[in-house]
Amino acid sequence: MIGSTIVHLDTVDSTNNYAAKELLTKSLTEGTIFAAACQQAGRGTGLASWESATGLNLTFSIVLYPKQVEISQQFFISKAISLGVTDFLCKYVKSVSIKWPNDIYVDDKKIAGILIETAITGGKFSRAIVGIGLNINQEVFVSDAPNPVSLKNLTSENYDLNQILKVLCACLEMRYQSLIKGNQTILQNDYETLLYRKGVWAKYRDQNSDFEGRILEVEPDGRLLIETRIGEKRGFYFKEISFK
Ligand code: BTN
C-alpha cells in the first residue's frame, strides 16, 4: 500500500536520492514513502531544480516494484502517477490537467511535478522511485520555474500536510492498482481526457523552429503526436519539443 510506511525527514538533498541510497542497504516494503520538510537540492526533470519552501509543501518519493509492467509500457507508470495526483487535486480545485509528459497543471500554471527513476534487472523493472513535488501552502515562488502555483494560491486556505498526504496516497494507490492489474484502457482514456491543450491549436518549438500545431494523442510509448497547420502528423519524445 502506498504510504503504509511514511518516513518523515527534516532535511535531505533530494528525497529521490535518499530513497535510492536506502535501497542500497535495506529491503523496503513496496509503497514506502520518504517525505522531507526541506530538500536542499530538489531535482526536477533534466537539469532543472525543484523549488519548495521548507515545511510548506509536499516533497516526497515512493518506492515501488512494478514488476508486472512491461518495459515497453514504461510510460503507463507515468500515466498512473499523474492520474493519482490529478484525482487528488480534482477534490479541491477545477481545471486540473496533465501537461505532457507528466506536469500537473491548474489552468496555465504548474502545481506539481513528477520525477520517476526506474531500474531494470533481467528485462523487468526491479524498482521505481517516484518523486512528487506538490505545491500546497507556499504563496511566493522565487526561482525561475515557469508559472508555479500552490493550492493555497488557488483556494486561500492552509492545509495540514500530513492529512493531505494521506488523501493523496489513497488516490495514488487506486491508480497504481489499475496499473499493476493491467487496466491500461482506463489509464490511457483518463490520461488523454485530462491532457493539457489536447486538440487546441497552440505554439510549439522543436529542435529547430517554432510551429503551430494541435495535440492529437499520446502513443502507448509516450510519444506525443501533434498535427501541424499543413496537416502533417509529427511525433515527439520527451525533450524533442517544448510548449510555448
Ligand atoms: C519536474 O521537473 O516537474 C519534476 C519535479 C519533481 C520534484 C520532486 S520533489 C520530491 C522528489 N525529490 C526530488 O529531488 N525531486 C522530486
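Each ligand, and each atom within it, is numbered from 1 in the order the structure gives. Note: hydrogens, waters and symmetry copies are ignored here, and every other heavy atom, side chains too, is used. By convention here, the first residue in the shown sequence is residue 1.
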> Would Arg127 and Thr118 count as a side chain to side chain contact (heavy atoms under 4.5 Å, CB included) if you check the C-alpha gap in whole Å, the side-chain angles of each, and the deciding distance to 0.1 Å?
Replying inline: CA-CA 6 Å; Arg127 61 140 170 92; Thr118 52; 5.9 Å; no
Which of the ligand 1 atoms, numbered from 1, are nearer than 4.0 Å to a heavy atom of [X]:
| X | result |
| --- | --- |
| Gly42 | 14 (O) |
| Asn16 | 11 (C), 12 (N) |
| Gly44 | 1 (C), 2 (O), 4 (C), 5 (C) |

For residues [X] and [Y], establish whether the separation of their ring centroids is below 6.0 Å.
| X | Y | value |
| --- | --- | --- |
| Tyr92 | Tyr159 | yes |
| Tyr204 | Phe243 | yes |
| Phe60 | Tyr18 | no |

Nearest to [atom], what protein heavy atom do you find, and at what distance?
| atom | result |
| --- | --- |
| atom 2 (O) of ligand 1 | Thr45 N, 2.8 Å |
| atom 12 (N) of ligand 1 | Gln39 OE1, 2.8 Å |
| atom 11 (C) of ligand 1 | Thr15 OG1, 3.3 Å |
| atom 5 (C) of ligand 1 | Trp50 CE3, 3.4 Å |
| atom 15 (N) of ligand 1 | Arg43 O, 2.7 Å |

> To which of Val12, Ile62, Ile114, Asp13 does the heavy atom nearest atom 4 (C) of ligand 1 belong?
Replying inline: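 The nearest heavy atom belongs to Ile114.
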> Which residue from Lys99, Gln40, Lys110 reaches closest to atom 1 (C) of ligand 1 through any of its heavy atoms?
Replying inline: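 It is Lys110 whose heavy atom sits nearest to atom 1 (C) of ligand 1.
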> Can a cation-pi geometry be assigned to Arg43 and Trp50, taking NZ or CZ under 6.0 Å from the six-membered ring centre and within 45° of the ring axis?
Replying inline: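 Arg43 over Trp50 ring: no.
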> Applying a 4.0 Å heavy-atom criterion (strictly less than), which segment of Asp103 is in contact with ligand 1: side chain, backbone, both, or neither?
Replying inline: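 Looking at Asp103 and ligand 1, just side chain atoms fall under 4.0 Å.
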> In terms of ring plane angle, is the pair Tyr196 and Tyr105 parallel, tilted or perpendicular, where the classes change at 30° and 60°?
Replying inline: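 Correct class here is tilted.
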> Any chance NZ of Lys67 has more than 12 other-residue heavy atoms, nucleotides or ligands included, within less than 6.0 Å?
Replying inline: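 More than 12 heavy atoms, drawn from other residues, nucleotides or ligands, come within 6.0 Å of this atom.
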>> So for atom CG, which belongs to Leu47, do other residues, nucleotides or ligands contribute more than 12 heavy atoms lying within a distance under 6.0 Å?
In response: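 Open: at most 12 neighbouring heavy atoms sit under 6.0 Å from CG of Leu47.
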> N/O to N/O below 3.5 Å, does that happen between Ser14 and ligand 1?
Replying inline: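 Such a contact does occur with ligand 1.
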